[in-house]
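Quick caveat: nothing in here was measured; it's all calculated off a predicted structure.
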Amino acid sequence: MTAATALLQVLLVEDDLADVALMESSFAEHQEPTELHHVVDGADALAFLRREGRYADVPRPDLILLDLNMPRVDGRQVLAAIKADEKLKAIPVVVFTTSAAPADVSSSYGAHANAYITKPIDLDQFDRVVAQIRSFYGHTVTLPPRPGDANRNDGSTGDPTNSTPPA
């Protein structure tokens, strides 16, 4: 299985339900094999990632889209916890937030965010940005294997014609 054909598991950590609806619509429009999971705050995000309580049977995400400003546990705390956890730190985290504050950008990269994107206000631009994120993480990069997923670590380069494991 290559990155180009794999079902991309995405965890969206977002408390604004309007932004969640936009994200769901954007992912649905692109007919790419994606399963979008949603939690409303950082506490639920950490429970999801650690497969605690009601999240015991969820798949490990391949990508996390993380808002910064949320109730209970904010995105900054979630990012720090993910990158400090040996089992989670390899999961790419894209900070996707309304903040364009230089301090937020710097602190997110300092905490090892893989990318920082300020949410576009224009709906068409929002859709384009989501499509670019999906394309990049679904087709361009080689993602780390999920625990117990031998197929993900098949030595592929993301090229569907090159799915032969290394010798």
Is Lys119 paired with Asp19 through a side-chain N to carboxylate O contact shorter than 4.0 Å?
yes
Shortest non-hydrogen contact from Ala111 to Leu79?
CB-CD2, 3.6 Å
So, for Asn114 and Pro92, which heavy atoms are closest and what is the spacing to 0.1 Å?
OD1-CA, 3.2 Å
Evaluate the side chain to side chain contact (heavy atoms under 4.5 Å, CB included) criterion for residues Met23 and Glu14: first the C-alpha distance (whole Å), next the side-chain angles of each, then the deciding distance (0.1 Å), finally the verdict.
CA-CA 10 Å; Met23 187 68 72; Glu14 173 63 67; over 6 Å; no
Salt bridge (Lys or Arg N to Asp or Glu O under 4.0 Å) involving Lys89 - partner list, sequence neighbours excluded
Glu86
Apply the side chain to side chain donor-acceptor pair (under 3.5 Å) test between Ser99 and each candidate in Thr118, Asp104, Asn69; give the one that qualifies.
Asp104
Any idea how Phe126 and Phe96 line up, ring-wise: parallel (<30°), tilted (30 to 60°), or perpendicular (>60°)?
perpendicular
Flag yes if Phe27 and Leu12 sit in one hydrophobic cluster, no otherwise; membership is Ile, Leu, Val, Met, Phe, Trp, Tyr, and two members link when side-chain heavy atoms are under 4.5 Å apart.
yes
State plainly whether one hydrophobic cluster holds both Val94 and Ile91, where clusters connect Ile, Leu, Val, Met, Phe, Trp and Tyr through side-chain heavy atoms under 4.5 angstrom apart.
no
Could you grab the distance from atom CZ of Phe48 to atom CZ of Arg54, nearest 0.5 Å is fine?
10.5 Å
Is the shortest distance from a Lys or Arg side-chain nitrogen in Asp85 or Lys87 to a carboxylate oxygen in the other one below 4.0 Å?
no
Steps toward side chain to side chain contact (heavy atoms under 4.5 Å, CB included) verdict (Asp41, Val73):
CA-CA 6 Å; Asp41 61 42; Val73 178; 5.9 Å; no
Ion pair present between Asp67 and Arg76, side-chain N to carboxylate O less than 4.0 angstrom?
no
For Thr97 and Met70, what are the C-alpha separation, side-chain angles and deciding distance, and is it a side chain to side chain contact (heavy atoms under 4.5 Å, CB included)?
CA-CA 10 Å; Thr97 187; Met70 297 178 294; over 6 Å; no
Looking only at non-hydrogen atoms, find the nearest pair between Ser26 and Asp127 and report the distance.
OG-OD1, 3.1 Å
Any chain of hydrophobic side-chain contacts (each under 4.5 Å) joining Leu63 to Leu36?
yes
Are the side chain of Gln125 and the backbone N or O of Asp122 linked by a donor-acceptor pair below 3.5 Å?
no
